[in-house]
Peer 1: 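Here you go, one structure.
What's counted below: heavy atoms across the whole structure, side chains too, no hydrogens, waters or symmetry copies. These figures come from a predicted structure and were not determined experimentally.
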Amino acid sequence: MLAGSLDMCGSTVALALTAASKGEPVVAVCGLCNKCSALVVRKDSEIHKPSDLKGKKIAYVPGTMHHVLLLEVLRRAGLDPEKDVHLTRVDFFDMGQALSQGAVDAFLSGEPYPSLAVVNGYGRILAYPYYGDDIGTINAVMITTRDKIKNNRRLLQQLVNAHAMAT
């Protein structure tokens, strides 16, 4: 997008804020999703609440919004991420396979991976990690540049409208 080949793109809020803080001309124009992340465990798991994750291997991607959400889940469950669980770096694309093969006990990811785990029969949603008092429900945004807004506002509005209608 910054190179000019895209008019808009999706991004996590964390990435958009980081880019803006570094002086990149990014502007968030609309929310991309609402509660699209979930904490997933194996379908047959004996894990029934977040505190049951003690001693378990949890797949995560460091520095992402999903990492932040996972840390909040663990904090609220009274678990220390450095002592009480084993955080295992696994790419989002590989989390479902790692869970289905037993390489990890849980993962926290955004869609479509939680739904795929459920639909494909190897996973179950343990929790949706959203809390009204601190972390909001929107963790991804559609972004563009200041120049695109200035020079092509109508096209951007059409893209935002299309996204709103689709979701």
Peer 1: Tell me, do L53 and D105 make a side-chain contact under 4.5 Å, heavy atoms counted?
Peer 2: no
Peer 1: Does atom OH of Y128 have more than 12 heavy-atom neighbours from other groups under 6.0 Å away?
Peer 2: no
Peer 1: Determine whether more than 12 heavy atoms belonging to other residues, nucleotides or ligands lie under 6.0 Å from atom CD of Q158.
Peer 2: yes
Peer 1: Measuring only between side-chain heavy atoms, which start at C-beta, is C9 closer than 4.5 Å to I143?
Peer 2: yes
Peer 1: Taking side chain as C-beta onward, heavy atoms only, is I47 less than 4.5 Å from L126?
Peer 2: yes
Peer 1: Classify the ring geometry between H67 and Y60 as parallel (under 30°), tilted (30 to 60°) or perpendicular (over 60°).
Peer 2: tilted
Peer 1: Between V90 and F107, does the side-chain contact (heavy atoms from CB on, under 4.5 Å) criterion hold? Intermediate values first, please.
Peer 2: CA-CA 9 Å; V90 177; F107 70 79; over 6 Å; no
Peer 1: Test of understanding: with salt bridge (Lys or Arg N to Asp or Glu O under 4.0 Å), list the residues that count as partners of K56, not counting sequence neighbours.
Peer 2: none
Peer 1: Does any part of the side chain of L71, heavy atoms only, come nearer than 4.5 Å to the side chain of V68, both counted from C-beta?
Peer 2: no
Peer 1: Looking at side-chain heavy atoms only, is the closest gap between L108 and V40 below 4.5 Å?
Peer 2: no
Peer 1: CE/M95 to OH/Y113 distance, rounded to the nearest 0.5 angstrom?
Peer 2: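 The distance works out to 9.5 Å.
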Peer 1: Can a donor-acceptor pair be found, under 3.5 Å and without considering hydrogens, that links the side chain of T145 to the backbone of P25?
Peer 2: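 No; judged by distance alone, with no hydrogens or angles, the pair does not exist.
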Peer 1: Could you check whether any side-chain heavy atom of H48 comes within less than 4.5 Å of a side-chain heavy atom of R124, counting everything from C-beta outward?
Peer 2: yes
Peer 1: Judged by modelled atom types alone, do S37 and H66 share a side-chain donor-acceptor pair under 3.5 Å?
Peer 2: yes
Peer 1: Decide yes or no for V85 and K54: does some side-chain heavy atom of the first lie under 4.5 Å from some side-chain heavy atom of the second?
Peer 2: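 In short, these two side chains do not touch, never coming nearer than 4.5 Å.
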Peer 1: Name the one of S51, P50, P81 that satisfies side chain to side chain contact (heavy atoms under 4.5 Å, CB included) with V73?
Peer 2: P50
